[in-house]
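Structure first, commentary second.
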Amino acid sequence: MNDLLEKANKLGIKIPAITAEEINEQIKPVLKKMEEAGVMLDCEALNSLDVKLSDKLKVIEAEIYEKAGRELNIGSPIQMADLLFNELKLPSEGLRRTKSGVSTAAQELKKIEDCHPIIPLMLEQRELSKLISTYLKPLPLLVDENSRLHTTYGLETSTGRLTSSEPNLQNIPIRGTFGGEIRAAFVATEGMKLIAADYSQIELRVVACMAKDTAMIEAFEQGEDIHSRTAAEIFNVKQKDVTPDQRRKAKAVNFGIVYGQTPYGLSQALNIPVDEAAKYIKTYFEVHKGIKNYINEMIEKAHSDGYVETIFGTRRYLPNIASHIRYISEAEERMAINMPVQGTAAEILKLAMIKLDRELSSLNTKYEARNTKQIQNSNLKNSEIVSGFDIRVSDLAHMLLTVHDEIVVEVPSSEAKQVAQIVKDAMEGVVKLCVPIEVSLGIGDNWAEAK
DNA sequence: AACTAGGCT
DNA sequence: GTATAAGCCTAGTTG
């Protein structure tokens with residue numbers, strides 16, 4: 001523990017005196033409450049979207065059969081690859097190969113999108129069948145008698161993140177044509193609102209601090225748009241002259257830092273030549289010497305100690321860091337770079353949840369006292385006072401979900417603004433990094449609206 | 001059970 | 001020569 005505080009001091013970080021093990025013990029009852037509370041699902045909305053998309057899917061599949069000249073199993077990558085590259089003779093150079101042949105992943109198909117009308121159809125088919133089979137069909141079958149969905153949170157990950165399963169509520173769609181509609185089916189109870197509170201670039205703030213990277217620290221202190229700042233650096237332009245495409249590329253570079261980027265990886269992510277990607281990375285490290293140094297330090301530590309760790313002491317052992325098989329050792333190097341950052345961000349979120357749980361509990365006690373008093377003074381029945389609050393009077397505002405850098409809270413509409421500020425303050429203040437921590441807030445009747 | 005694919009941060 | 005940006009969970013196909 002003393003080690004941890006000492007380490008934090010060196011980095012200019014103020015953290016609560018608590019170990020990773022203690023964080024995990026204390027988060028358990030919080031997660032249990034969230035699991036039991038569940039989140040209300042608008043099953044009718046999902047069912048009608050299911051009907052709509054299933055109809056659309058049938059039409060698209062018929063068109064695929066027509067273009068193919070025969071019926072085949074569209075869900076089989078083997079059969080589809082055979083059709084595309086053997087029968088239709090579409091070009092397969094430049095496409096990734098899997099163990100079973102040419103990849104038909106959407107990312108690869110986009111490269112030959114203009115070669116044949118069947119490709120756009122396949123992409124649309126994939127999107128629809130994914131949504132239908134993973135979300136629209138299964139989720140409505142899992143709700144309880146109150147239309148609420150109960151996930152199970154897990155603590156067993158290699159970085160310290162949480163997992164969510166049966167159902168996984170950490171991969172509910174948000175992008176794409178229908179993502180928003182699906183997320184909008186996660187609704188607040190009558191008379192209540194959802195608050196969605198998101199850490200803004202928490203991993204980059206963490207790495208800026210762990211790496212003591214002067215340029216990145218300055219960017220966050222000044223409240224700059226970090227991606228456009230990076231764009232200005234790697235393209236050697238003024239920040240105001242950064243184009244949207246330059247910003248998009250810089251965003252990928254920033255993601256890459258946290259992932260242990262390689263020229264090849266960046267080139268794939270951006271669909272650009274490897275040497276162009278290599279240039280961006282080279283320029284980036286010329287500006288961000290602190291980041292470069294952090295990367296070297298983590299790799300060295302993994303070699304010397306056999307593990308890397310977060311600020312709070314969660315460890316990840318990397319037994320193959322010295323493997324003579326290069327891609328094995330390189331994979332563990334990337335884990336060594338990523339884990340302390342992803343893991344520390346996860347710990348910050350867990351600590352915020354523990355803190356927020358306490359604050360909401362004490363707030364709820366006050367509400368309860370107030371409501372009891374109102375009931376006594378008014379001669380109204382309890383049910384009339386709390387009508388619309390279809391949950392225990394002692395538990396009015398509560399956390400429902402968490403998605404890595406986000407917390408979703410359910411709260412009586414009348415208290416939403418006040419509680420949102422409490423959530424934001426708890427999340428922003430739970431630890432003091434060497435840069436400000438920012439949380440963005442949304443309030444709405446459903447999860448899409450609250451983002 | 002392995003593989004491929006694809007949803008999220 | 002071989003792989004190739006971190007961490008998860010779920011669904012469908014294949015053998």
Side-chain angles (χ1 to χ4, degrees), chain A residues 72-81 96-109 122-123 125-139 142 151-176 178-179 182-183 198-204 207 252-270 274 277-278 281 295 298 308 316 323-343 345-346 349 401-407 447 451:
Chain A
L72 76 169
N73 192 338
I74 296 173
S76 165
I78 297 174
Q79 294 183 40
M80 290 310 285
R96 189 170 59 87
R97 298 190 66 86
T98 68
K99 289 171 184 175
S100 14
V102 182
S103 170
T104 68
Q107 193 197 329
E108 305 303 313
L109 294 185
M122 276 181 71
L123 292 170
Q125 189 278 340
R126 290 268 176 85
E127 182 184 3
L128 296 179
S129 60
K130 178 71 180 186
L131 297 181
I132 292 165
S133 72
T134 308
Y135 305 101
L136 298 179
K137 297 273 191 219
L139 292 182
L142 294 172
T151 186
T152 303
Y153 290 106
L155 287 166
E156 310 303 319
T157 62
S158 48
T159 59
R161 271 192 175 182
L162 298 171
T163 60
S164 161
S165 60
E166 289 179 289
N168 181 0
L169 298 186
Q170 292 182 325
N171 74 342
I172 301 303
I174 184 63
R175 305 169 205 156
F178 307 102
I182 294 180
R183 204 165 270 220
D198 270 78
Y199 279 117
S200 157
Q201 268 109 33
I202 186 70
E203 292 191 348
L204 284 177
V207 77
V253 171
N254 281 331
F255 269 102
I257 291 147
V258 177
Y259 294 160
Q261 71 190 331
T262 62
Y264 183 84
L266 183 63
S267 77
Q268 288 297 299
L270 290 177
V274 176
I281 294 171
I295 289 170
M298 287 307 117
V308 293
R316 179 168 192 176
S323 170
H324 295 297
I325 306 171
R326 209 203 311 168
Y327 72 89
I328 302 267
S329 60
E330 284 176 346
E332 296 216 341
E333 286 180 3
R334 294 192 295 273
M335 295 172 198
I337 296 163
N338 173 265
M339 184 272 174
V341 178
Q342 188 183 119
L349 182 92
L401 303 173
T402 177
V403 193
H404 309 306
D405 63 359
E406 174 182 11
I407 299 174
W447 197 3
K451 290 281 283 193

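Small disclaimer: the values here were computed from a predicted structure and weren't measured. Below, chains carry the letters A, B, ... as their sequence lines are ordered, and counting in each starts from 1.
Comparing the same atom, P, in B:dA2 and in C:dA5 gives a spacing of 23 Å after rounding to whole Å. Atom P of C:dT4 sits at a distance of 14 Å from the matching atom of B:dA5, rounded to the whole Å.
A donor and an acceptor atom, one from each side chain of A:Arg126 and A:Thr104, are located under 3.5 Å apart. Using a 3.5 Å distance cut-off with no hydrogens or angles, the side chains of A:Thr159 and A:Gln342 do pair a donor with an acceptor.
A:Glu406 comes within 4.0 angstrom of no nucleic acid atom, judged by non-hydrogen atoms across all strands. When heavy atoms are screened at a 4.0 angstrom cut-off, A:Gly256 is found touching base atoms of the nucleic acid. Residue contacts shown for A:Ala346 are absent, as no nucleic acid heavy atom lies under 4.0 Å away. Here A:Val403 lies in heavy-atom contact (under 4.0 Å) with sugar-phosphate atoms only. Contact annotation for A:Met339: no contact, since no heavy-atom pair falls under 4.0 Å across all strands.
The shortest distance between side-chain heavy atoms of A:Met80 and A:Leu72 falls below 4.5 Å. Two residues are said to be in side-chain contact when any heavy atoms from C-beta on lie closer than 4.5 Å; A:Leu266 and A:Phe255 fail this criterion.
Between A:Arg326 and the phosphate of C:dT4, there is no side-chain N or O to OP1/OP2 separation shorter than 4.0 Å. A sub-4.0 Å separation between OP1 or OP2 of C:dG7 and a side-chain N or O of A:Arg161 is absent. Within the structure, a side-chain polar atom (N or O) of A:Thr163 is placed less than 4.0 Å from OP1 or OP2 of C:dC9. A close approach under 4.0 Å does not occur between any side-chain nitrogen or oxygen of A:Gln261 and OP1 or OP2 of C:dT4. For A:Asn73 and C:dT13, the shortest distance from a side-chain N or O to OP1 or OP2 is below 4.0 Å.
Contact record, A:Gly260 with A:Arg334: O-CD, 3.1 Å, taken as the closest heavy-atom pair. When all heavy atoms of A:His404 and A:Leu162 are compared, the closest pair comes out as CE1-O, 3.5 Å.
For A:Leu266 and C:dA5, the CG to P distance is 10 Å, given to the nearest whole Å. With rounding to whole Å, A:Glu166 atom CD is found 17 Å from C:dC8 atom P. Here C:dG7 presents its C1' atom at 15 Å from CD of A:Glu332, a figure rounded to the nearest Å. Computed from coordinates, the A:His324 NE2 to C:dT2 C1' distance equals 17 Å when rounded to whole Å. Rounding to whole angstrom units, CZ of residue A:Arg126 and C1' of C:dT10 are separated by 16 Å. Atom pair A:Gln342:CD and C:dC8:P shows a separation of 7 Å (rounding to whole Å applied). Computed from coordinates, the A:Met335 CE to C:dA5 C1' distance equals 11 Å when rounded to whole Å. Protein atom CG of A:Leu142 is 10 Å distant from nucleotide atom P of C:dT10, rounded to whole Å.
Counting only heavy atoms from C-beta on, A:Thr157 has its side chain closest to C:dC8 among C:dA5, C:dA11, C:dC8. In this structure, the nucleotide among C:dA11, C:dG7, C:dA5 sitting nearest to the side chain of A:Tyr259 is C:dA5.
Listed in residue order, the members of residues 169-176 of chain A having a heavy atom less than 4.0 Å from DNA chain B are A:Gln170, A:Asn171, A:Ile172, A:Pro173, A:Ile174, A:Arg175. Less than 4.0 Å separates DNA chain B from at least one heavy atom of each of the following residues of residues 97-105 of chain A: A:Thr98, A:Lys99, A:Ser100, A:Ser103, A:Thr104, A:Ala105.
The backbone N or O of A:Tyr153 lies less than 3.5 Å from no partner atom in the side chain of A:Ser164, so there is not a single donor-acceptor pair. Although no hydrogens or angles enter the test, the distance criterion places no donor-acceptor pair under 3.5 Å between the side chain of A:Arg316 and the main chain of A:Val308. In this structure, the side chain of A:Thr402 engages the main chain of A:Glu406 through a donor-acceptor pair within 3.5 Å. A donor-acceptor pair is defined here as one N or O able to donate and one able to accept, closer than 3.5 Å; no such pair exists between the side chain of A:Ser165 and the backbone of A:Asn168. A:Asn73 contributes a side-chain N or O that, together with a main-chain N or O of A:Gly75, makes up a donor-acceptor pair within less than 3.5 Å.
Distance CG/A:Leu139 to CD1/A:Ile172: 5.0 Å, rounded to 0.5 Å. Annotation: the span from A:Trp447 atom CH2 to A:Leu169 atom CG amounts to 6.5 Å, rounded to 0.5 Å.
Chain A approaches DNA chain B over the interval B:dC3 to B:dT9, counting the first and last nucleotide 5' to 3' with an atom under 4.0 Å from its heavy atoms.
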